[in-house]
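Below is one structure, written out as structure tokens; the observations come after it.
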Number of protein chains: 2
Amino acid sequence: MASNPPYRVNVEALHEQLLGTWASVRREARARCARPELHRIEGLTAAEHRERVFGQLKLLVELGAVHRAFPTSLGGQDDPGGNLAAFEELIIADPSLQIKAGVQWGLFGAAVLHLGTSYHHARFLPDIMSLAVPGAFAMTETGHGSDVQSLGTTATYDPTSREFVITTPSRAAWKDYIGNAAVDGTAAVVFAQLITRGQSHGVHALYVPIRDESGAFLPGVGGEDNGLKGGLNGIDNGRLHFTEVRVPRRNLLNRYGDVAEDGTYSSPIESPGRRFFTMLSTLVQGRVSLDGAATNAAAMAITIAVTYGNRRHQFAPGHGEDEMLLLDYQHHQRRLLPKLAATYAHVFAHDELLVAFDEVFSATAALAAADPVVESTDSAAELADPVAAGPVAADPTVASDDKQEQSAVLEILAAAFKPLSTWHALDTLQVCREASGGAGYLAENRLVGLRQDLDVYATFEGDNTVLLQLVAKQLVAGYAALVNGIGLPRAIGHMTGVVITNMFQELGVRRLGQRLIDGGSLARAMSRVQDVSTQHALLAGRLESMIIEFMSPPGRGSSKSRSGADVEVFPNRHQSELIDIARAYGELQVWEAFTKAVDKIEDLGTREVVGWLRDLYGLGLLEQNLAWYLLRGRLSAQRARAVSAHIDKLLAALRPHAQDLVDAFGFTDDHLRATIAASEPRGSTHRPV
Amino acid sequence: MASNPPYRVNVEALHEQLLGTWASVRREARARCARPELHRIEGLTAAEHRERVFGQLKLLVELGAVHRAFPTSLGGQDDPGGNLAAFEELIIADPSLQIKAGVQWGLFGAAVLHLGTSYHHARFLPDIMSLAVPGAFAMTETGHGSDVQSLGTTATYDPTSREFVITTPSRAAWKDYIGNAAVDGTAAVVFAQLITRGQSHGVHALYVPIRDESGAFLPGVGGEDNGLKGGLNGIDNGRLHFTEVRVPRRNLLNRYGDVAEDGTYSSPIESPGRRFFTMLSTLVQGRVSLDGAATNAAAMAITIAVTYGNRRHQFAPGHGEDEMLLLDYQHHQRRLLPKLAATYAHVFAHDELLVAFDEVFSATAALAAADPVVESTDSAAELADPVAAGPVAADPTVASDDKQEQSAVLEILAAAFKPLSTWHALDTLQVCREASGGAGYLAENRLVGLRQDLDVYATFEGDNTVLLQLVAKQLVAGYAALVNGIGLPRAIGHMTGVVITNMFQELGVRRLGQRLIDGGSLARAMSRVQDVSTQHALLAGRLESMIIEFMSPPGRGSSKSRSGADVEVFPNRHQSELIDIARAYGELQVWEAFTKAVDKIEDLGTREVVGWLRDLYGLGLLEQNLAWYLLRGRLSAQRARAVSAHIDKLLAALRPHAQDLVDAFGFTDDHLRATIAASEPRGSTHRPV
């Protein structure tokens, strides 16, 4: 490692690697995103912005850009991974366009695809795909967001008319924050408590027309506009409520639960809890794609700020000397380069997540026509699980334990990555905005607009803090099941023992079940903190210890180990601990993905430099949690000091490569559209008046 | 300390105390801010918003709300402290209104007041006060923001016409981000390098008309609109440039530097460096007022989020049980209550800062008519000081060392507090927005709009990171001067030895100059971490040690202590260390102000509860820097663990008082205007359709 680069980064090869598994799809999508007619225009009113984005959706249809996920039989490509890859790139054009497209095809359309059956596919999907029917995904209510199981809206079956009657029982049960609800939507997939023969069967989804051709609400449907938001104002979010709105029996999306003409309820999944989670599991693509889109936004932001920092001078070190480049200041490096490192980490981790998603959903698609398999019973007590969208073993049409495990791992990874990457994007956008000073605050330099749009990514498609608790509960419960042999705790009762055991070992917690390692001896055994194996040992060891400590709090003795059942009883007093566990888990996975990516780099110089970037990410994680390591003797004081000292060295070594490393993201001027980062900058300090 | 409150908070008395020294002025200002015609309306175009805010400025004039700082002889009140108190409250109505008023009267007007003499006061101030002449404060350039000394614009004296010729030599020297420049300003105070008889005398300010009555630029003046920004779009920021624009000789604001008709330059302050810093020091009120305004915004945000968290339910702990209030979740408390504690801390600290400001500027006002005192020489090498706006001993019209010291302390405090409070406000707004979920993202709940407006507070009126480096350099240089007896380092060469010594001891670093205290014995000597004296010892001890370590890095031996001169040589490699020192200094001052305020509370219950809040702030600072304390043996592992454990106890104890504590800020519905926090909330979970 040296300050002057003996190594050079092969920017083109690195760009190819960063594009990942769906490189050609992304290249195509980025070419589309360079088209001016898809770009966000600053300063439009919300009404104008909404109209522009709706027009852009039509253009995406014309360009054949949004149908990859749908069945080949209907003009799609049965390509779930490629679909999300293309979708994630839309954020380059306008995050409003990305999310509006996500509402139409990723939520509304995907609900019909995954929760409906062939009748619904044939009847509804063509108009959804063509945008003839813009639609809403009406799940969240004013009073219930994360707690989907407690939704208030009801769908009561009336056997005399063979219709469902949709009702909103209270103001708290109004559907809220629903995209396409305020203006454009003419139909909605409405999530409601299904009631037939006087009995509730939990939350199900129904296809409900809501507006006529003139745009007026249909009888019984009401609502209002959510008005202006912190961002994403190209999307018409709104509220909906229903007063005895009747839809035909067949409008129930009945893949996982059906009502016969006489009102008999049936389901291929007998357990209501498992059924609920199975339905929700089909919606994991929202979280997967936000992980990719947010990381894309972070990459744009760091490209803009590093490019500007490599151009703008301020302050001369001495009288008569040249002014310094911003990026030559140590603190500027300290602010930007760790964000660059984390962005690389999330790019590589996201590609792994997307591959996992594609494997699960390609299999699902292939089996979509198969009859759902009826599974064995479970108790209704599962309904009390206070977690929004717990992971599910798998689509019941996928029978093997392998597939169940894959699906469960996918959900946990998505729930762990989405919070980390969306928060990372927000932090990065803010750091880049501040590091660019007044210029960073101008809309023409994109950073503020992107941050405003990205803000809500932290709480939609699963509130970040709720998702992390979900992840941690699975880890802790799986550990309890493994170690105590007490049977599965309730939180994951819908998964089989084989699945949870395999899954758990799959999750990267490889030494779980061992006793807490003696801190002192570990510290002595370690080689230098910057070594890859040491980084891994420290990151994985922390996760492991946190889980073990959580189950057997210090001072209580091993006889007081928490059982799996306890996990449900005491979570509130330990929410923050759980969130820390989930974060440590996610960060370990992301670090491992980064490391795998480094190992794949063939060019020696590139591998060296990107390896430093990985070290910067890893040591940064250690530095953030230094007190934890010190308190447990996992790091000696001397080694702990070496962490920060080595970070300083990495910053100096990486600085000469910073431009190459952001250039490797491959964004063009048409993508960034930031004056301060343009190839031919306005306001150059060298241009005369 | 107990979960069930044996204590009650006296909300009214606490409210009075939070209003501070200028309580009645603030009450009046808040009554004005309740007027709908002063409120921000969401969804206006930038043009409409600008027009509305300009109209609001006129209303403020009519209401007599903005002239307190000006001389009584011109209809003002010579009341600098009261003026800022009222100004800070404007953020409640609309941050754009606050900042636009700040541009007109706090920057443009204050520059004429403080840098001009009686001629300028009589000639220009009446129209500035009445808004007949809206004006710009044209300091920052595209190429030079923080580095004011390197501005490119020149003002060259032409003795034949007895005029100054204002010239913009390059695109980098365009004035940029200037409020009132894009549309409304008809004049500007322009900062330029003053050149006469072929010699440059450094940056001076001139009064320059820029537009005629029709709104067209005057000959030689050009510019453009900065366009949309991340927020504050009620203000018309823009760029200006000058091509041989001529103004009369007397338009030079000549309090600290003048040019005679024949071109002879004279100044009451011979040293160019000291002159420069003296001029800039008159502008400290910008930083002081941003500290207060940002803290006000944080208080509004935490009021909104705590009120909502006390209303909204989500998830039932068990089947059939009632859903829990958000604020009963431990993690929700962990997110919000430390922000509440820090907001209290900054409110109390700000009042102390404002008192210090008022003392210095009241004295200045009283002496405004006096002839500036000519001071002794200094070398021009000071100009190389690479800090934007170094503190200055004092206005030269104020002769005593006491006053010099007061002024220097004021500048350092303002430079330390403004970064901490503006970042705190941004963090608080974001945490509150996320903790309020989708509702937090709606413009109708204010959090997103406030955050967008406040964003730029982190970089204007002195970039936060630059200000903190300035603070730290003063601390380090003062230490060097004291301990090494080597004479004053260059960075503060314009201050006398007496001043720096007194100032330094005044700054709260009370045990400075002692040897590094043995960590182990300190840890043993301490009583419980939650004790006030222990908190202080730990916070002050850390600051002290950081400065000592900075001067004598471990491993170099005491013989290698850095001299004062070194401070200038190596700052770049240690910028982050300097920033940490400044932060520790600011936090200690804020903690001490909080503690003084607690001691003043008479009501026993209120004192107890607010004392817990102070402990939460103090222990939070320890927790953030736990690794530092562990590495130096300042906290044993056992005590370090006690920090987090005690924070958990404080959260539980404070939770029942959370609503009282935010109610004590005293905001009404007309101030908050947030649907989710309204006294009669829409969308209550209890109201039927």
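For the numbers below, each heavy atom of this structure counts, side chains included, while hydrogens, waters and symmetry mates do not.
Heavy-atom minimum distance, B:Q330 versus A:S576: OE1-N, 3.1 Å. Between B:A458 and A:R433, the closest heavy-atom pair is CB-NH2, 4.4 Å. The minimum heavy-atom distance between B:L631 and A:A640, with the atom names listed, is CD2-CB, 3.7 Å.
Neither side chain, B:Q575 nor A:H332, offers a donor N or O lying under 3.5 Å from an acceptor on the other. A donor atom on one side chain and an acceptor atom on the other are not found under 3.5 Å apart for A:N226 and B:E444.
The choice from B:T140, B:N237, B:L228 that makes the most heavy-atom pairs within less than 4.5 Å of chain A is B:L228. Note: B:L630 leads B:L626, B:I579, B:L630 in heavy-atom pairs under 4.5 Å with chain A. Contact count against chain A (heavy-atom pairs under 4.5 Å) is highest for B:L442 among B:L442, B:N625, B:V448. Contacts with chain A were tallied for B:E42, B:E141, B:R335, B:Q452; B:Q452 has the most, counting heavy-atom pairs under 4.5 Å. Each of B:A627, B:G227, B:S150, B:G449 has some count of heavy-atom pairs under 4.5 Å with chain A, and the biggest count is that of B:A627. In terms of heavy-atom pairs under 4.5 angstrom with chain B, the leader among A:G437, A:G43, A:A443 is A:A443. For the options B:A439, B:A637, B:G152, heavy-atom pairs under 4.5 Å to chain A are most numerous at B:A439.
Distance NE2/B:H144 to NE2/A:H313: 10.0 Å, rounded to 0.5 Å. Atom CZ of A:R334 and atom CD of B:E577 lie 10.0 Å apart (nearest 0.5 Å). Interatomic distance, CG of A:N445 versus NZ of B:K229, reported as 13.5 Å (0.5 Å rounding). In this structure, the separation between CD on A:Q430 and CH2 on B:W423 is 10.5 Å, given to the nearest 0.5 Å. Here the straight-line distance linking atom OH of B:Y441 with atom CG of A:D455 works out to 5.5 Å at 0.5 Å rounding. The line from OG1 of B:T45 to CG of A:L44 is 11.5 Å long, rounded to the nearest 0.5 Å.
Formation of a donor-acceptor pair under 3.5 Å by the B:R451 side chain with backbone atoms of A:G230 is not found in this model.
Interface residue A:D328: only backbone heavy atoms are found under 4.5 Å from chain B. Only the side chain of B:D463 has a heavy atom closer than 4.5 Å to any heavy atom of chain A. Only the side chain of A:L426 comes within contact range of chain B, with at least one heavy atom under 4.5 Å from a heavy atom of that chain. In this structure, chain B has no heavy atom under 4.5 Å from any part of A:Q333. When heavy atoms are compared at a cutoff of 4.5 Å, B:Y329 approaches chain A by way of both its backbone and its side chain.
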**Asked** Does the side chain to side chain contact (heavy atoms under 4.5 Å, CB included) test come out yes or no for A:T465 and B:E434, once each step is laid out?
**Response** CA-CA 9 Å; A:T465 60; B:E434 292 184 24; over 6 Å; no

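Under the 4.5 Å side-chain criterion, counting only non-hydrogen atoms from C-beta, B:D147 is in contact with A:E323.
Counting non-hydrogen atoms of neighbouring residues, nucleotides and ligands closer than 6.0 angstrom, the CD atom of A:E244 reaches no more than 12 such neighbours.
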